[in-house]
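Worksheet: the structure to be examined is printed underneath.
Every number for a ligand or one of its atoms is a count from 1 in the order of the listing.
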Amino acid sequence: MSENKTFTVDGRNIEFQDGDTIMDAALRAKVYIPHLCHNPEFEPHGSCRVCIVAVNGRHVAACTQPAAQGLEVDNASQAIMDQRRTLLQMLFVEGNHVCPGCEKSGACQLQALAYYTGMLAPHFAHFSPQRKVDASHSEMVIDFNRCILCELCVRASRDLDKKNVFAIGGRGISSRLVINSPSGRLGDTDFAAEDKAAQICPVGAILPKHRGYDKPIGERLYDQKTIDVVDDVAVHRKERDERG
Ligand code: SF4
Ligand code: FES
């Protein structure tokens, strides 16, 4: 009789299947590992590093690290949470994330993770970049100031919508989200509010028009439940669709 393959996360046994990453198996077992650029509906991307865990003492991204028999994963020590908080602080100062005025406030994964990791201040000096807002589309708007380059819209538009509306241009610190149209404007693409790419942004960079602040404070996605409770796989998908 073959035994189930398992590893541990903070001492808890997690079963896994061949081909699973640590994130795949943990989410299936409803063990939350913080993540931003990962979405279980898409291939892992491994860019935000917020899912950092320590595996047998070595720091890895849980969304790209293959699961293996007997691994001991630290997902909750103070050192790991401190590193995640530092990564989030860097993301906050790299763009212009003004939570109190943002339409996504209360339903933003970046903001919710900041709360989850106990981030009280940005800590680093703000870059205060001056980026465009593209309101050329009749139904959707993009505020590039809030983009964290997770590439979820790129993957969704390419892999599910089959439209390739988005791409990443530049390299390294000059990387930026670009629109694939001759004018570079969203209004000159076939992007639609029903597209998966229109509903997947974890922050307030891609938003529907005419619906800002439609849910009162106190009734938004992360107002009553913290992100670790909301973001298990099933709930993750359902609530995303509902808020879409
Ligand atoms: Fe990610 Fe949103 Fe930026 Fe697209 S617009 S790369 S989904 S943060
Ligand atoms: Fe793993 Fe972003 S969630 S690197």
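Taking every heavy atom of C63 and a limit of under 4.0 angstrom, the matching atoms of ligand 2 come to 1 (Fe), 3 (S), 4 (S). Short contacts between ligand 2 and L36, defined as distances under 4.0 Å to a heavy atom of the residue, involve ligand atoms 3 (S). The distance from ligand 2 to the heavy atoms of G46 drops below 4.0 Å at these ligand atoms: 4 (S). Close contacts between ligand 2 and H38 involve ligand atoms 3 (S) [criterion: under 4.0 Å to a heavy atom]. Set against the non-hydrogen atoms of V203, the atoms of ligand 1 under 4.0 Å away are 8 (S). Here is the list of ligand 2 atoms found below 4.0 Å of a heavy atom in C51: 1 (Fe), 3 (S), 4 (S). Residue H35 approaches ligand 2 through these ligand atoms, each under 4.0 Å from one of its heavy atoms: 3 (S). Close approach of ligand 2 to R49 (heavy-atom distance below 4.0 Å) involves ligand atoms 2 (Fe), 4 (S). The ligand atoms of ligand 2 that sit less than 4.0 angstrom from a heavy atom of C48 are 2 (Fe), 3 (S), 4 (S).
Remark: the Q83 side chain and the H59 side chain contain an N/O donor-acceptor pair separated by less than 3.5 Å. Side chains of N4 and T6: no donor on one and acceptor on the other come within 3.5 Å. Side-chain contact, D188 with S183: a donor N or O sits under 3.5 Å from an acceptor N or O. Residues Q78 and D82 bring a donor and an acceptor atom of their side chains to less than 3.5 Å of each other.
Screening K163, R158, K162 for a salt bridge (Lys or Arg N to Asp or Glu O under 4.0 Å) involving D195 leaves a single residue, K163.
Through side-chain heavy atoms spaced under 4.5 Å, either directly or across other Ile, Leu, Val, Met, Phe, Trp or Tyr residues, F191 is tied to M140, I142, F144, L149, V154, V165, F166, I168, L177, I179, L186, I206. Other members of the hydrophobic cluster containing V141, listed by chain and number, are V133, L207; membership follows side-chain contacts under 4.5 Å among ILVMFWY residues, whether direct or relayed.
The ring of H45 has its center no closer than 6.0 angstrom to the ring center of F42.
Taking the salt bridge (charged side-chain N to carboxylate O under 4.0 Å, His left out) definition, one finds that D190 meets it with nothing, sequence neighbours left out.
Less than 2.8 Å away from atom 4 (Fe) of ligand 1, the protein contributes these N/O/S atoms: C153 SG.
Counting heavy atoms of neighbouring residues, nucleotides and ligands inside a 6.0 Å radius, atom NZ of K132 does not exceed 12 of them.
At a 4.0 Å heavy-atom cut-off, ligand 2 does not touch P44 at all.
Between H35 and H38, the ring planes are perpendicular. Angles over 60° get that label, and only those under 30° would be called parallel.
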